[in-house]
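Below is one structure, written out as structure tokens; comments come after it.
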Amino acid sequence: MDKTIFETFIGLEIHIQLITKTKIFCNCRNSFGDPPNTNICPVCMGYPGALPALNKEAAKKACLLCLALKCKLNEKAVFDRKNYFYPDLPNNYQITQFEFPFGIEGSVDTALPDGSIKTVRIHEAHLEEDAGKMIHDRIGSMCDFNRAGTPLLEVVTKPDFKTGEEVEAFLLNFRRIIRYLGVSDGNMEEGSMRCDANVSINYIGKGLGKRVEVKNLNSSRNVKLAIQHEEQRQAKLLKAGEPILQETRLWDDDKKRTESMRSKEDANDYRYFPDPDLPPFATTPEFIAELKSMLVELPLARRNRFMSEYNLIQDTAEFLTEEKDKADYFEEACKKGADPQNAAAWLKGDVTKVLNREKMEILSSPLDIGRFIMLLDFVEKGKINGQTAKKVLDIIITENKNPEDIIKENNWEQVDDSDSLMPVVEKVLAESAAAVNQIKAGDMKPVGFLIGQVMKNSGGKADPKKVKELIMEKIK
Ligand code: ADP
Ligand code: ZN
Ligand code: MG
């Protein structure tokens with residue numbers, strides 16, 4: 001698309017499944033992967049006379065995210081019925097919030113890959129129930145109602161995005177935020193976070209275009225690809241003077257393009273009206289105070305603080321603040337005396353490598369903070385060298401042992417006394433006449449090789465600094 005002629009507007013509708021013990025209006029379990037139709041009851045199956053009652057935990061998590069997104073909370077949030085027929089919807093209406101959602105008028109800051117900060121306005125955030133799930137196979141179509149009535153929070157942004165890249169970065173940040181708050185696990189592949197993208201283009205300066213809503217996007221990458229595809233498709237239509245239809249399109253992941261699904265329905269079609277079975281939800285000062293006590297520092301703010309407080313480069317701070325657990329672990333280690341640069345380097349490097357290999361999370365792994373600090377301390381004090389420390393780390397994690405025991409059992413303490421190292425140095429020098437002559441002629445390149453040979457001959461335990469000293473002393 002020619003960006004000197006056209007500009008793009010993108011707004012998102014993001015659905016996130018809230019983590020709660022029970023469903024939004026009944027006591028059925030809210031859990032994924034159980035046998036079909038085992039978590040159902042008269043309320044979530046829409047039996048006549050069954051009455052819904054709002055789950056406080058769902059309301060709390062919804063409002064917590066609203067506050068984190070800097071939304072104003074409506075003093076009285078109202079639940080409405082959105083009427084339509086579909087086999088996965090037992091009541092023939094979905095309970096949602098229409099005119100008075102929990103949160104309105106917020107904003108979110110996201111760091112873009114070029115380093116700039118993008119602020120996107122949040123239009124509103126409302127709580128609603130999810131529908132059941134249709135399963136189509138050779139026998140026919142079936143419905144699993146376990147998901148019917150599970151709590152969904154829908155967050156709607158203003159059409160503030162300009163490119164697919166901005167949206168991709170935003171979604172990664174948004175996922176971090178909801179995980180930091182513990183309101184959802186934000187897994188797009190598994191559908192616990194779903195995103196519809198509204199895309200329009202127009203000649204520059206002409207304002208918003210006719211929007212197309214794209215659904216069926218199961219990764220932030222696909223959201224980006226779908227947006228880019230829509231930009232091309234719509235630009236071609238506009239250039240040819242053809243109309244852009246306001247419609248809902250589906251992303252086809254095999255063909256990497258969007259396809260028309262249906263023309264866009266109007267809010268009027270749904271005959272929204274307040275649900276007579278549910279009272280409005282009124283916030284109280286106690287409720288808001290409790291929410292405020294549950295708020296945590298968000299990933300971007302934490303990244304920036306890590307850069308200033310611990311003097312970390314952006315890349316490292318970004319890595320450490322990806323997940324709250326990791327950031328907490330790092331800060332706890334620093335509080336207990338670890339050197340921030342050192343701790344960050346180990347966490348980003350070998351610790352992550354081994355944990356990934358063993359498919360472990362840092363907080364539940366055998367590398368507790370005490371062991372981690374001790375390991376760093378041993379390297380710092382010269383008890384073991386860096387190479388040995390990597391081996392020790394591996395054993396701590398795979399065999400759940402203490403670093404000092406591992407070092408003792410394997411006799412891995414670093415050797416740095418001249419008396420035991422000198423004979424090894426002499427042997428290596430005697431065997432490497434060419435290298436020695438090169439150094440004598442003023443070319444220092446082979447020094448590294450000689451140090452390596454001594455390390456090898458000492459079972460990896462020698463102190464490399466000391467070895468270098470001895471080599472130079474001997475050659476002179
Ligand atoms: P509806 O009420 O039909 O769902 P909304 O006004 O709630 O429409 O908007 C839904 C989403 O579409 C929002 O994310 C909004 O930012 C986005 N949107 C609205 N108009 C446009 C447009 N012309 N171009 C791109 N996105 C738009
Ligand atoms: Zn139920
Ligand atoms: Mg809408």
Side-chain angles (χ1 to χ4, degrees), residues 6-15 20-31 34 37-47 50-55 58 69 80 82 84 90-91 94-99 101 103-108 120-126 128-132 144-151 154-164 166-167 170-171 174 194-203 206-215 217 223 226-227 230-231 234 238 244-249 262-270 272:
F6 297 118
E7 70 179 312
T8 306
F9 304 89
I10 308 152
L12 303 179
E13 290 164 284
I14 309 163
H15 289 89
T20 55
K21 278 198 226 43
T22 56
K23 292 188 182 181
I24 181 171
F25 298 121
C26 62
N27 284 323
C28 293
R29 262 154 53 85
N30 174 22
S31 87
D34 292 341
N37 297 313
T38 51
N39 299 325
I40 57 176
C41 76
V43 174
C44 57
M45 290 305 288
Y47 287 9
L51 286 175
L54 177 64
N55 175 348
L69 303 178
D80 299 279
K82 177 181 183 179
Y84 66 95
N91 271 315
Q94 178 194 28
I95 304 179
T96 178
Q97 298 176 321
F98 185 58
E99 209 177 337
I104 52 170
E105 294 170 20
S107 77
V108 182
V120 168
R121 292 168 300 158
I122 301 296
H123 175 56
E124 53 115 344
H126 63 260
E128 62 190 24
E129 58 177 342
D130 207 345
D144 174 6
F145 289 102
N146 283 349
R147 201 180 67 183
T150 58
E154 178 173 344
V155 177
V156 183
T157 77
K158 296 274 188 193
D160 287 347
F161 297 99
K162 288 282 162 208
T163 66
E166 286 180 3
V167 171
F170 172 87
L171 286 173
F174 189 81
R194 290 168 250 160
C195 174
D196 303 335
N198 296 273
V199 187
S200 73
I201 68 162
N202 210 346
Y203 291 98
K206 289 271 168 106
L208 296 170
K210 267 256 176 69
R211 82 177 154 111
V212 165
E213 181 176 1
V214 186
K215 289 181 175 289
L217 298 162
V223 177
I227 289 167
E230 271 305 304
E231 287 180 317
Q234 295 181 24
L238 276 189
I244 292 171
L245 299 180
Q246 178 156 329
E247 60 179 349
T248 300
R249 299 177 69 89
R262 58 170 189 244
S263 66
K264 178 74 187 158
E265 60 287 329
D266 212 70
N268 288 331
D269 300 338
Y270 289 118
Y272 284 96

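In each ligand, atom 1 is the first atom listed, and ligand 1 is the first ligand listed.
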Original post:
Does the side chain to side chain contact (heavy atoms under 4.5 Å, CB included) test come out yes or no for Lys23 and Asn55, once each step is laid out?
Top reply: CA-CA 7 Å; Lys23 292 188 182 181; Asn55 175 348; over 6 Å; no
**Stepwise side chain to side chain contact (heavy atoms under 4.5 Å, CB included) test for Val199 and Phe9** = CA-CA 6 Å; Val199 187; Phe9 304 89; over 6 Å; no
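For Gly209, a nitrogen or oxygen atom sits less than 3.5 Å from a nitrogen or oxygen atom of ligand 1, counting backbone and side chain alike. Checking only distances, Lys210 never comes within under 3.5 Å of ligand 1, N or O to N or O. Backbone and side-chain nitrogen or oxygen atoms of Ile10 are examined, and none is located within less than 3.5 angstrom of a nitrogen or oxygen of ligand 1.
In this structure a side-chain-to-backbone donor-acceptor pair under 3.5 Å is present from Gln94 to Glu129. Side chain of Arg249 to main chain of Val214: no donor-acceptor pair is present (N/O by atom type, distance under 3.5 Å, no hydrogens or angles). For Lys158 (side chain) and Ile122 (main-chain N/O), no donor-acceptor pair under 3.5 Å exists by modelled atom type.
The Zn ion (ligand 2) lies at the vertex of an angle of 110° between the SG atom of Cys26 and the SG atom of Cys44 (rounded to 10°). The SG atom of Cys41 and the SG atom of Cys28 meet at the Zn ion (ligand 2) at an angle of about 100°, given to 10°.
Annotation for Tyr47: atom OH does not count as buried by contact number, only 12 or fewer foreign heavy atoms lying within 6.0 Å.
Considering Thr20, Thr38, Thr22, Asp34 in turn, Asp34 is the only one that fulfils the side-chain hydrogen bond (donor to acceptor under 3.5 Å, both in side chains) rule with Arg29.
Every atom of ligand 1 with a heavy atom of Val156 under 4.0 Å away is listed here by number and element: 13 (C), 14 (O). The distance from ligand 1 to the heavy atoms of Lys158 drops below 4.0 Å at these ligand atoms: 16 (O). Of all atoms in ligand 1, listed by their number and element, those nearer than 4.0 Å to a heavy atom of Leu12 are 14 (O).
Considering only non-hydrogen atoms, atom 4 (O) of ligand 1 lies nearest to Arg211 out of Arg121, Arg211, Glu213.
Contacts between Asn198 and ligand 1, counted as non-hydrogen atom pairs separated by less than 4.0 Å, involve both the backbone and the side chain.
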